[in-house]
Asks: 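Below you will find the structure I want to go over with you.
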Amino acid sequence: MADMVVLVVAALFLAMGGSINAAVVEHTFLVSEVTLRHLCRDTVATVVNGQLPGPALEVTEGDSVVVHVVNQSPFGVTIHWHGVKQRLTCWADGAGMVTQCPIAPNTTFTYRFDVVGQEGTLWWHAHISTLRATMHGAIIIRPKSGSYPFPKPHQDVPIVIADFWQNDLRQVQKDLELWIADGDHSKDGPASATINGKIGDLYNCSGVAQDDTFVLDVEPGKTYMLRLANAALSNEYYFKVAGHRLTVVGSDANYLRPYNATGDVVAIAPGETLDVLMVADAPPCHSYYMVALGTQSPPPAPQTATRLARGIVRYPDSHGEAMEPQMPDQHDRTTSFHFHGNMTGYPNNPLLPQVRGHVHDKFFLTLGMGTIRNHTVHVANINNVSFHLPQGRSLLEARYHGAELVTATEEMSARPPLEFDYTDPVLINFFNRSAKLLELEPSRRATTMRHIAYNSTVEVVFQSTTLMEDSPNPMHLHGHDFFVLAQGIGNYDAARDTASYNLVDPPVKNTVMVTGLGWAAVRFVADNPGNWFLHCHYEFHMGMGMATVFEVGNGPTPETALPPPPADLPRCDRSIAYE
Ligand code: C2O
């Protein structure tokens, strides 16, 4: 839109024996409230540069990024660059109250970071309160050499899947916390799913289909790189294009060994990105729907309205009704489980030898729901502790300045307080209040984190539980990519399941979909000092406490230690609304 300012300034860096071109990609993100008209109603939304989705950042691997955030909204905001490794730039990570306090209304903060050693697609989003619903956009990272491990695609096509809400999201979250008093949450869902901000031709009001559909015009025979990001608050999506094969070549800005998705359906969890090649080789007399269908757990989990958005792939000669793809069932978890299980990476990753070796820290983390205050307030938790953001000062600032926080932090436990049958279906239904559930679900709130020594190898096994629901959990770690070694259904059993670890060519991700009624095992090398958020990327799970923080220590040299904060880091002001 008009106020978007993009400057690309070439800078020349001299390296030993030659010169390397790296660019500075500079943007101004103006945050303000706008009125969006969808579904015959005006909705006020906080967006970047007047648009939804916000501007895409397009960079070449090795570039520096400078984004001036000018906050003209009434809320404190932060922006997180989801999946950018932020080596030694934890201050620019944008995790509200973890790495910084919010940028106050009518103030500015400039994020500065480099994009190094990652290629593909990532995305950015607000990381405070529920603002990410309307503040997000794609990050496209192209290889510096210009060559890909597959033939160069004709065109990049960002496809941001999200949902459009008409309710006050702060209120939705409060309602979820008081869930027990009122079991009906059908009204709490988004008004529609969206593809690139467009609600598609299935949603209409006043009887007229809205002319608000994402259309991709293709040239027959050309290859398109669909750069998918799931920015939705709470659903995994199945995505498919009628009449076309989809070949997956990357995820979370790491290349994958190319594979054809079974049934040409891809599954993408909130937080994840996928790079998918699509050859425009279908009969060109038709056009073809692309469909994004939200998944949900089957009953007895409470049901929401179906979330589905569609766009169109159009050929120059197409006419008539567009062809429709055959989608999986919205309750189908198996297709997603296998889709994710089919990912493999490349065996030449420089961190793999260390990941195969001695593991310094092992965590077994149960992900579930629970209650506090004698079963009256509903929370989400890890190992029965519901994460509580600190107030008044971010965790990273408290650490850097050696300062106390108002609420003390505590070390996150490496295991849950009780061992039990984590995937027992009897625990799902809160309303029948089985004695077993009432014994297992009680939680408490605390600001947990875990100290990790620099350069340790860390293993985390995530176990989804059936405590009060059997939802999957897309778990995301800031500041590092992890290797996804294995996943399984049921309860994790170290003696049996370590044998199934893929230590040869595991996929490298920043978000792992931990299936409902199952587990996933990851390892990473803690080579980046900072305070790094680890959380479920379902917005309400995160907001209700399914989170913790890895505090990675400094390395032994100045080059491996966290530098001082930028001079314009927002001052913490307790009067700003951020929760
Ligand atoms: Cu995309 Cu901490 O999140």
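Just follow the structure's listing: the first ligand is 1, and inside any ligand the first atom is 1.
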Asks: By atom name, which N, O or S atom belonging to H478 lies closest to atom 2 (Cu) of ligand 1?
Replies: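 Atom name returned: NE2.
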Asks: Give the ring-plane orientation class for H541 versus Y538, where under 30° counts as parallel, over 60° as perpendicular and anything between as tilted.
Replies: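 H541 and Y538: perpendicular rings.
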Asks: Only counting residues at least two apart or in another chain, list the ones meeting ring pair (Phe, Tyr, Trp, His ring centres under 6.0 Å) with F524.
Replies: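 F524: ring pair (Phe, Tyr, Trp, His ring centres under 6.0 Å) contacts with H480, F550.
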Asks: Knowing that exactly one of H537, H136, H476 qualifies, which makes a ring-ring contact (aromatic ring centres under 6.0 Å, His included) with H125?
Replies: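 Exactly one candidate clears the test, H537.
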Asks: The criterion is side-chain hydrogen bond (donor to acceptor under 3.5 Å, both in side chains); which residues satisfy it with K240, sequence neighbours excluded?
Replies: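 Residues passing side-chain hydrogen bond (donor to acceptor under 3.5 Å, both in side chains) with K240: none at all.
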Asks: Are the ring centres of Y422 and W519 closer than 6.0 Å?
Replies: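 Y422 vs W519: aromatic centres not under 6.0 Å.
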Asks: Report the residues that fulfil ring pair (Phe, Tyr, Trp, His ring centres under 6.0 Å) with H360, sequence neighbours left out, ordered by chain and then residue number.
Replies: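 If we apply the ring pair (Phe, Tyr, Trp, His ring centres under 6.0 Å) test to H360, skipping adjacent residues, the hits are H358.
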Asks: Which protein atoms of type N, O or S are found under 2.8 Å from atom 1 (Cu) of ligand 1?
Replies: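 Checking every protein N, O and S atom gives H82 ND1, H125 NE2, H537 NE2.
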